[in-house]
Amino acid sequence: MDRYAGSLEEVADGTRQQERHYQLLSALQSLVKELPSSFQQRLSYTTLSDLALALLDGTVFEIVQGLLEIQHLTEKSLYNQRLRLQNEHRVLRQALRQKHQEAQQACRPHNLPVLQVAQQRELEAVEHRIHEEQRAMDRKIVLELDRKVADQQSTLEKAGVAGFYVTTNPQELMLQMNLLELIRKLQQRGCQAGKASLGLGGRWPLPAAQYDQEGSPVPP
């Protein structure tokens, strides 16, 4: 009798899983229509079905949430590092200007041209140093974001999420970002199995730093 009851429960569980898979697949197919046509063509029925299977128990929603939290902390840390470097450079420039002004005020008129030439060389050397330090910081930011993207790709691939693997191909990255956007929208619609809303948000980083027109990083 117990064996019979257990078999019925297994059948019921299988039916619920099938129904949930169908609901997720239908929701994904509806959401895909909101994407550009070029990406719609790449998201086949099989890909969406596999993605729906990966989302069945809600674990992937939690994984994505954790990855986004790590991403936001990383972006904030990198932004603060570059901001500190900019502040250091501003202080350095101010100190150099003050030093030059004081030297010129104390200089005898006939020695002023020689002093100005020397100060110009010093200024150029400092500006070169600042430029190189900024470039080094920007390279560090890009490399760190690249590593973070690769970590996210690897984690989602291991979790069995369709479409995810480690790549730097811009088109594949954009496709993966669209897949993450589908997952986020599913979560917002309350499609997460038996779990409260996690409030996924934020943009998945591309392997490149984002800066404003003045070269400063855009705050996360």
With rounding to the nearest 0.5 Å, note down the distance linking [atom1] in [X] to [atom2] in [Y].
X   : Y   : atom1 : atom2 : answer
D50 : L55 : CG    : CG    : 11.0 Å
L53 : H21 : CG    : NE2   : 3.5 Å
T74 : H72 : OG1   : NE2   : 10.0 Å

Open item on the list: Strictly below 4.0 Å, N to O, side chains only: are R184 and E181 in salt-bridge contact?
Closed with: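 Counted as a salt bridge, because a side-chain N and a carboxylate O are separated by less than 4.0 Å.
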Task: Note: K148-E75 ion pair, threshold 4.0 Å (strictly below) - done: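 E75 and K148: not salt-bridged.
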Task: Stepwise side chain to side chain donor-acceptor pair (under 3.5 Å) check, T47 with S44 - done: CA-CA 5 Å; T47 298; S44 65; 3.1 Å; yes
Open item on the list: For E19 and Q23: C-alpha separation, side-chain torsions, deciding distance, then whether side chain to side chain donor-acceptor pair (under 3.5 Å) applies.
Closed with: CA-CA 6 Å; E19 290 176 351; Q23 291 172 353; 5.6 Å; no
Got [X] and [Y] here, is their nearest side-chain heavy-atom distance under 4.5 Å?
X    : Y    : answer
L180 : L156 : yes
R42  : S38  : no
F164 : Q152 : no
T168 : V149 : no
Q187 : Q65  : no
I183 : L51  : yes

TODO: Keeping to residues at least two apart or across chains, list the salt bridge (charged side-chain N to carboxylate O under 4.0 Å, His left out) pairs with something in residues 84-95.
DONE: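 Output for this query lists R93-E127.
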Do [X] and [Y] have side-chain N/O donor and acceptor atoms under 3.5 Å apart?
X    : Y    : result
T167 : N169 : no
Q176 : Y165 : no
S49  : T46  : no
H100 : E122 : yes
Q153 : E157 : no
Q119 : Q104 : yes
Q41  : S37  : no

Task: E124: which of H128, R121, Q120 passes side chain to side chain donor-acceptor pair (under 3.5 Å) - done: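 With E124 as partner, side chain to side chain donor-acceptor pair (under 3.5 Å) holds for just one option, Q120.
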Side-chain ([X]) to main-chain ([Y]) donor-acceptor, under 3.5 angstrom:
X    : Y    : value
T155 : D151 : yes
N111 : C107 : no
S26  : Y22  : yes

Task: Contact summary for L35 and Q40, nearest pair of heavy atoms - done: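 Distance-wise, the nearest heavy atoms are O-NE2, 2.6 Å.
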TODO: Might you confirm whether atom CD of Q98 has over 12 heavy atoms from other residues, nucleotides or ligands at distances under 6.0 Å?
DONE: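 No, the 6.0 Å shell around CD holds no more than 12 heavy atoms from other groups.
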Open item on the list: Between E144 and R147, does the salt bridge (charged side-chain N to carboxylate O under 4.0 Å, His left out) criterion hold? Intermediate values first, please.
Closed with: CA-CA 5 Å; E144 184 63 28; R147 282 194 291 268; 2.8 Å; yes
